[in-house]
Number of protein chains: 2
Amino acid sequence: MTSPKPNTVTHTRQPASGPAVDVRIVLFTVAHGALHIALPEAKGLRRLPHGEPTSGEALDTAARRILRHSTGIHEQYLEQLSTLSVDDTAGWTLTVAYLGVVWWSAESEPEVASTWHDLRRRLDVGETDRMLIHYAIVRLRAKLSYTTIAFHLLPPTFTLSELQQTYEAVLERRLDKRNFRRRFVAANVLAATGTQRRDGSHRPALLYRFRAPHDRDSYLTPPWSDEA
Amino acid sequence: MTSPKPNTVTHTRQPASGPAVDVRIVLFTVAHGALHIALPEAKGLRRLPHGEPTSGEALDTAARRILRHSTGIHEQYLEQLSTLSVDDTAGWTLTVAYLGVVWWSAESEPEVASTWHDLRRRLDVGETDRMLIHYAIVRLRAKLSYTTIAFHLLPPTFTLSELQQTYEAVLERRLDKRNFRRRFVAANVLAATGTQRRDGSHRPALLYRFRAPHDRDSYLTPPWSDEA
DNA sequence: CCAAAAGTGTTCTCGATACACCCATGT
DNA sequence: ACATGGGTGTATCGAGAACACTTTTGG
C-alpha cells in the first residue's frame, strides 16, 4: 500500500517515535461443512487480512475498513482479541488482533472464494498469524456455547439442521439432533418464519430467523463502543 | 512526565509517525471485605497505574514493570483486557489495558495503603479509566466463577471462610457456606495444610493451600506468552 | 455458660446427555 | 416402494440452590 520512500531511511519506521500499528483480522466462515478463515494472497504469501489504522479512527472501525479493503467482505461480527508488541528488523509494531465472523455463500459471492482457507487443511502462514488463528479458534469455540455468535455464520433465515451443521463444523464433533433442538427452543432465540424449504426428496424443513435475546450476547467484550 | 519542548511543536507527539503507547493496569485486591483497585495519586489526580512500554519489551513485561514503578506492587496475576485508540489534543495514543490481581495485607505493606480505592465508594477518575475499571470488574467477576483467579487475592495459606469472604467481596453478594465448601472440595483445588488457626473465642479453622489444577486456569487468555 | 465462628447432609430443580422411531417428500 | 433428511419424547445423571443444627474455642 505505502510506496517506498526515495530517501536514506533504511527501515520503514523510525524507532524514536511511536510504533507502527498493525490490525489483523481472523475472519471465520463456515463452508462445505467446515470452518474456514480468510487468508488472502498478497505477493505470493497468504496472510491474515491486515492494515494500518489511522490516528483519528477507532480500532473497531479500522478493523472493519481494513477487512473490507483487503477482502471485499463486510463483516457482521467483530471482536477484539489481543494486542502484542513485536520488535524486529522491520521496526517496532503493535499488532491488534480481531476475531470476525461472517456468513458467506459461494453462490452469491463466488469472487472471494479463493481467500477462504479450509481449516482442516495445513496452515502455511507466519508464526504470529498461526498463534492468532489458534487462539481465535479457541475463543470462537468457547463463545459458541454461551453466546449467539453462531447466527452470524448463517443467512438471515435457516433451518435447524443448518444451524446444527454450523455448530458441528466449528466444534468439529457431532451433536445429538433432539438435544440440540431442545436447547435452542428453550433458549428462546429462534422465531419460526412460517415458511418451509423444500429441498430434495424428503420432508421440507421449517425456516427460522434469529431472535435477539433480551440479555446481550457479548459477555466478555467491552460493553462500550471503541470511539475515539 | 514529558517536559514541554521549547520549539514550535504544539502537540507532544508528531502524528506522522506511530502513536504513543500507554499501558494501564486495573489492579484489584480485597481488603476489609471489599474489592479495591490501585489508584495512585499523581499531581492531585487519581489515575490507574500507567506508563509507556519500550519497543523491545513484551507488553506483559511492560505492564509488570509499570505497575512496580508506579505502585511498588509486584503483581501475581496479569491479563490483557483490551486496547483502544484515542486521538485528542494530546496526540494519538494507543491504550493497552490490563487486569491484575494481588493479595495485599495492610500489616505487611502499610505504605501502599493510600493507593487502594474502595470500590464501594465513588470513583472520581477520567472517562477512559472509568470504562476500563467497569469492564475489568465484569471480567473479574466472570472469571471468578470458572477459574482459580481468586487464589491470587489470598495469602499462600488461608481458611475456607477467608476464601468465601473473598468471593463475597468481589461478587457483592452472600454465598451459602455449605454449598461453597462443597464446590471447592469437589473442584479438588484445595490442599489441607494440617495446621489450624486459632483466632478468637470460637472453634479454630483449618488452613488450606491452593493446589494447582491439572487443567490450566486460563481459558480465555492467549495460551502463548507475549514475547517480542 | 455464653458468644462466635467452624464445620457438616439432605432434598429439589434444572440443564445436559443418551437413545430410536415416525413423517413428509421426490423419484 | 424406498431413500432421504425432518421432526419428536423419555429416562438418567450431575451441578447448583435452599435450608438448620452441632462443634470447638475464649472469655
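Each chain gets a letter, A, B and so on, in the order its sequence line appears, and its residues count up from 1.
One can place CZ of A/Arg197 at 20 Å from P of C/dA24, the figure rounded to the nearest angstrom. In this structure, B/Asp176 atom CG and C/dA6 atom C1' are separated by 14 Å, rounded to whole Å. In this structure, A/Tyr167 atom OH and C/dT17 atom C1' are separated by 17 Å, rounded to whole Å. Here the P atom of nucleotide C/dG7 and the CD atom of B/Gln165 are 12 Å apart, to the nearest Å. As a whole-Å value, the separation of B/Gln196 CD from C/dG7 C1' is 12 Å. Atom CD in B/Glu162 sits about 11 Å away from atom P in C/dG7, given to the nearest Å. The CZ-P distance, from B/Phe180 to D/dA18, rounds to 15 Å in whole Å. As rounded to whole Å, 15 Å separates atom C1' of D/dA17 from atom CG of B/Leu171.
For B/Arg64, the salt bridge (Lys or Arg N to Asp or Glu O under 4.0 Å) partners at least two apart in sequence or on another chain are B/Glu75. Residues satisfying the ring-ring contact (aromatic ring centres under 6.0 Å, His included) criterion with A/Tyr208, sequence neighbours excluded, are absent altogether. Every residue two or more places apart in sequence or in another chain that forms a salt bridge (Lys or Arg N to Asp or Glu O under 4.0 Å) with A/Arg197 is listed here: A/Glu162. Residues passing the side chain to side chain donor-acceptor pair (under 3.5 Å) test with A/Arg178: none are found, sequence neighbours excluded.
Sequence neighbours left out, not one pair with a member in residues 179-193 of chain A passes salt bridge (Lys or Arg N to Asp or Glu O under 4.0 Å). Applying the ring-ring contact (aromatic ring centres under 6.0 Å, His included) test to pairs two or more places apart or on separate chains, those with a residue in residues 176-202 of chain B are B/Tyr167-B/Phe180, B/Tyr167-B/Phe184, B/Phe180-B/Phe184. Sequence neighbours left out, not one pair with a member in residues 22-45 of chain A passes ring-ring contact (aromatic ring centres under 6.0 Å, His included). Applying the salt bridge (Lys or Arg N to Asp or Glu O under 4.0 Å) test to pairs two or more places apart or on separate chains, those with a residue in residues 105-118 of chain A are A/Asp118-A/Arg120. Applying the salt bridge (Lys or Arg N to Asp or Glu O under 4.0 Å) test to pairs two or more places apart or on separate chains, none has a residue in residues 27-39 of chain A.
Residues A/Asn179 and A/Arg198 both approach DNA chain C. Their nearest nucleotides, taken by heavy-atom distance, put A/Asn179 toward the 5′ side. Comparing A/Pro204 and A/Arg183 by the nucleotide of DNA chain C whose heavy atom lies nearest to each, the residue mapping closer to the 5' end is A/Arg183.
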Between protein and nucleotides 13-15 of chain C, what N or O pairs are separated by less than 3.5 Å?
none

Pairs under 3.5 angstrom, nitrogen or oxygen only, protein versus nucleotides 3-5 of chain D, please.
| from | atom 1 | to | atom 2 | distance (Å) |
| --- | --- | --- | --- | --- |
| D/dT4 | O2 | A/Ser201 | O | 2.7 |

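With hydrogens and angles ignored, no donor-acceptor pair closer than 3.5 Å exists between the side chain of B/Arg182 and the base of D/dG16. On a pure distance criterion of 3.5 Å, no polar donor-acceptor pair joins the side chain of A/Arg178 and the base of C/dT17.
Among the atoms of the strands shown, only primed sugar atoms or phosphate atoms (P, OP1, OP2) are found under 4.0 Å from some heavy atom of B/Leu206.
Comparing the end axes of the helix from C/dC1-D/dG27 to C/dT27-D/dA1, each fitted to five base pairs by superposing C1' atoms of four pairs onto the next four, gives an inter-axis angle of 10° (nearest 10 degrees).
By the 4.5 Å heavy-atom criterion applied to side chains, B/Leu39 and B/Leu48 are counted as neighbours. Using a 4.5 Å heavy-atom cutoff, the side chains of B/Leu59 and A/Leu94 are in contact.
Checked against the 6.0 Å centroid criterion, the rings of B/Phe158 and B/Phe151 qualify as a close aromatic pair.
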